[in-house]
Amino acid sequence: MRWSETFIPTLREMPAEAETISHQLLLRAGYIRQVAAGIYSYLPLAQRSVLKISQIIREEMNRIGGQEFFLPVLHPRELWEESGRWEIMGDNMFRLKDRAGRDMCLGMTHEEVITDIARHELRSYKQLPQTWYQIQTKFRDEARPKGGLLRVRQFTMKDAYSFHTSWESLDETYQQQYRAYSRIYDRCGLRYIAVKADTGAMGGKDSHEFSALIDVGEDLIVHCEHCGYGANREMAISRAPVVDDQPAPDRPEKFPTPGIRTIAALETFPGGAEAHRQIKTLVYMVDEQPVLVCVRGDHTVNEAALARLFGAEARFYPAHPGQIVAAMGANAGSLGPVGVSGLRIVVDEALRGRKNMTTGANEDDFHIRGVVVDRDFKGEYQQVRLVEEGDFCINCGKPIRMWKGLEVGQIFKLGVRYSQTMKATVLNEKGEAVPMIMGCYGIGVERILAAAIEQNHDENGMILPVSIAPFSVIVNVVNMGDPESVRAAERITTALEAAGIDVLLDDRDERPGVKFKDNDLIGIPLRVTLGPKKLKEGKAEIYIRAKRESVDVALDEVAARVQAALESSTPQTKE
RNA sequence: CGGGGCGUAGCUCAGCCUGGCUAGAGCGCUUGCUUUGGGAGCAAGAAGUCGGAGGUUCAAAUCCUCUCGCCCCGACCA
């Protein structure tokens with residue numbers, strides 16, 4: 001393809017609207033243009049890249065027996081009413097009416113539609129398992145789109161659904177999907193971590209999230225490089241570093257702390273204590289009953305962990321000031337577990353065995369010091385704190401690391417959540433109608449591109465992996481006024497194209513500097529440069545963008561050398 | 001939805017506080033000549049409802065009110 005005939009509107013200056021790297025580069029390199037908040041047009045370069053990513057996904061889905069569908073984006077209200085999600089989805093769902101006044105919506109996901117097909121067409125356990133997928137546009141009216149393609153309102157998603165008669169069969173397909181996902185991200189050249197994810201309010205059995213590691217990621221990922229433990233911060237547990245305590249007095253001592261209401265204030269108060277020698281005490285209302293939750297002063301309560309602890313059905317929230325006083329006899333800021341009776345007390349694991357601690361006295365303007373856990377109060381030990389930087393792996397004890405991640409995929413054992421509510425049953429061996437057991441598996445296509453850019457760029461622009469770059473090679477004619485250069489470039493381009501390689505011939509009559517800058521910006525991994533000087537020696541230059549290395553190669557060897565370079569730089573699966 | 005910021009030429013921005021000449025610059029674009037290995041030089045030229053509406057004023061890009069849009073932080077995120 002010739003650049004002169006291709007629409008690649010690069011920008012010399014940084015667009016003011018963009019802050020994150022991938023957003024800036026996607027705009028500057030002429031990949032995308034914004035239509036409205038969180039809605040983008042994909043120009044030819046982005047489209048080529050998205051198609052390459054889609055094709056990798058398609059190949060890996062087909063490889064594990066997935067069958068490609070194409071489901072509608074426009075759905076009738078009734079289907080979503082049946083699953084109960086017409087209500088649940090709330091403002092995140094785009095809704096509209098057809099000319100007859102019927103309620104419709106734009107699909108955020110396709111469990112309802114696919115389950116509808118399954119219940120009408122699947123009759124017998126003999127037809128299962130099935131894995132169905134599509135690559136389709138999804139709509140979500142995000143409260144706050146951001147970061148270019150990182151969080152948008154319209155995007156492409158590969159979503160797959162599997163149907164089973166047994167959990168064992170689901171487990172098997174889930175494992176296959178897990179491996180397929182790993183292969184997909186490997187082939188796209190992403191650095192990512194697969195982590196256990198919170199199954200959220202929907203219940204379900206297992207879920208894993210695949211997060212690309214990027215600086216502007218929305219999620220915090222806890223990862224142990226030693227044993228491979230990985231979890232969302234919401235799901236993660238860890239071992240806190242041991243704190244050496246001084247010996248405690250025989251019994252705790254109450255002391256006045258006028259006006260002290262915060263951990264930080266108590267740290268600097270004479271006779272106070274450092275944050276990690278304090279016990280932070282919070283009151284939650286669980287099904288309208290107060291429950292005490294104690295964590296170390298410098299730790300943060302993980303409400304997702306509390307939700308799991310209290311159970312999916314329980315309604316809980318932080319107690320209001322009035323409820324706190326009623327339960328404890330003091331206000332927040334002066335609370336502690338010592339002397340409390342009749343209340344459930346949850347104590348974070350990091351407090352186990354601690355001595356000589358300081359906490360609230362349950363009397364305003366008073367605290368207690370010299371508190372020994374298990375001597376002066378007792379509770380049930382649970383990990384209810386968020387993992388902190390510097391903690392140790394719960395499995396192997398090695399230091400854990402925390403990363404920012406962008407979710408690029410999630411796999412989920414749904415169970416019978418949809419088959420039950422939508423009455424999608426098959427007959428089993430005994431002739432009984434049983435709800436199909438389901439799994440669902442999603443990948444955000446454009447997020448892969450955005451994450452790849454976040455992970456691979458320099459001050460000059462993108463550096464895309466060969467597998468997802470819009471073109472594998474760019475052939476740059478330094479001086480279009482030199483017929484020799486043009487002829488040589490065209491011969492090389494033709495040869496490479498004949499070998500099935502995507503080549504962009506930069507045949508613009510521009511200054512060399514402009515062309516080199518543009519070539520770098522759009523992230524093509526390999527460049528072949530035809531300039532008059534080297535051409536006189538019968539040579540062209542091959543430049544590897546990622547390594548910033550170049551070699552001069554005889555003209556008739558260029559095609560072979562390019563092919564070899566492409567092969568060696570194509571990301572491989574780790575299997 | 002709360003907090004903050006920004007809307008002036010295709011892009012990046014100045015001008016606004018303290019109202020007043022014909023609304024500017026750089027880049028890009030068009031034409032011509034020169035130039036050709038890292039965002040060229042000279043010359044000529046085209047291009048702006050100053051986001052929108054209303055108001056104040058002799059006079060509004062500039063002051064006031066409302067409104068729309070976009071970005072960032074937070075809340076939210078099957």
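Just so we're on the same page: letters track the sequence lines, and every chain starts at 1. Values below: all heavy atoms of this structure, side chains included; hydrogens, waters and symmetry mates excluded.
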Counterpart base for rA40(B), defined by Watson-Crick or G-U wobble contacts under 3.5 Å: rU34(B)
Rounded distance in Å between the P positions of rC66(B) and rG4(B): 14 Å
Interatomic distance at C1', rG32(B) relative to rC13(B), whole Å: 30 Å
Length of the CG-P vector between Asp509(A) and rU35(B), whole Å: 13 Å
Nucleotide rG39(B), atom C1' - distance to CG of Asp506(A) in whole Å: 13 Å
Gln175(A), CD atom: more than 12 neighbouring heavy atoms under 6.0 Å: yes
Arg12(A) CZ - rG38(B) C1' separation (whole Å): 12 Å
Sugar-phosphate only, base, or nothing, as touched by Gly148(A) at under 4.0 Å among non-hydrogen atoms: nothing
Sequence-aligned protein contact record of nucleotides 1-13 of chain B, with B where the base is within under 4.0 Å of a protein heavy atom and S where only the sugar-phosphate is: ----------BSS
Within-4.5 Å side-chain heavy-atom neighbours: Val408(A) and Tyr181(A): no
Ile39(A) CD1 - rC70(B) C1' separation (whole Å): 13 Å
hbond_proxy Asp520(A) side chain to rG38(B) base (donor-acceptor, 3.5 Å cutoff): yes
Between rG38(B) and rG52(B) - C1' atom distance, rounded Å: 44 Å
Sugar-phosphate, base or nothing in reach of Gln34(A), heavy atoms under 4.0 Å: sugar-phosphate
Sugar-phosphate only, base, or nothing, as touched by Asn476(A) at under 4.0 Å among non-hydrogen atoms: nothing
Earlier contact from the 5' end, RNA chain B, for Lys146(A) and Val514(A): Val514(A)
Spacing between Glu142(A) atom CD and rC71(B) atom C1', to the nearest angstrom: 16 Å
Residue matched to rG20(B) through Watson-Crick or wobble contacts both under 3.5 angstrom: rC58(B)
Nucleotide nearest Ala36(A) when distance is taken to its side chain, options rA78(B), rC70(B), rC29(B): rC70(B)
Sugar-phosphate only, base, or nothing, as touched by Gly531(A) at under 4.0 Å among non-hydrogen atoms: base
Phe516(A) CZ - rG39(B) C1' separation (whole Å): 12 Å
Whole-Å gap separating C1' (rC76(B)) and CG (Leu150(A)): 17 Å
Closest-nucleotide ordering on RNA chain B, the 5'-leading residue of Ala18(A) and Thr109(A): Ala18(A)
Distance between C1' atoms of rG7(B) and rA61(B) (Å, rounded): 12 Å
Distance between C1' atoms of rU22(B) and rC33(B) (Å, rounded): 32 Å
Donor-acceptor pair under 3.5 Å, Arg527(A) side chain vs rG38(B) base: yes
Parallel, tilted or perpendicular: ring planes of Tyr441(A) versus Tyr174(A), cut at 30 and 60 degrees: tilted
Electrostatic pair Glu459(A)-Arg548(A), nearest N-O below 4.0 angstrom: yes
Parallel, tilted or perpendicular: ring planes of His23(A) versus Tyr40(A), cut at 30 and 60 degrees: perpendicular
Whole-angstrom distance between rU57(B) and rU65(B), as gauged at atom C1': 16 Å
Review item, side-chain donor-acceptor pairs of residues 140-149 of chain A, under 3.5 Å, at least two apart:
residue, atom, partner, partner atom, Å
Arg140(A), NE, Met108(A), O, 3.2
Arg140(A), NH2, Met108(A), O, 2.9
Asp141(A), OD1, Arg153(A), NH1, 3.1
Glu142(A), OE1, Arg151(A), NE, 3.4
Glu142(A), OE1, Arg151(A), NH2, 3.0

Complement of rC6(B), any strand, by Watson-Crick or G-U distances under 3.5 angstrom: rG69(B)
Electrostatic pair Glu490(A)-Arg2(A), nearest N-O below 4.0 angstrom: yes
Rounded C1' spacing from rC73(B) to rC58(B) in Å: 46 Å
By side chain to side chain contact (heavy atoms under 4.5 Å, CB included) - contacts of Asp215(A) (at least two apart): none
Integer angstrom distance from the C1' of rA14(B) to that of rU62(B): 14 Å
Distance-only side-chain donor-acceptor flag, Gln323(A) / Tyr317(A), under 3.5 Å: yes
Any N/O donor-acceptor pair, Arg508(A) side-chain to rG39(B) base, under 3.5 Å: no
Euclidean distance, atom CG of residue Asn479(A) to atom C1' of rA40(B) [Å, nearest integer]: 13 Å
Sugar-phosphate, base or nothing in reach of Met438(A), heavy atoms under 4.0 Å: nothing
Partner nucleotide, any strand, of rA47(B) [Watson-Crick/G-U, under 3.5 Å]: none
Sugar-phosphate, base or nothing in reach of Arg33(A), heavy atoms under 4.0 Å: nothing
Ring centre gap for Phe210(A) and Tyr178(A) strictly below 6.0 Å: yes
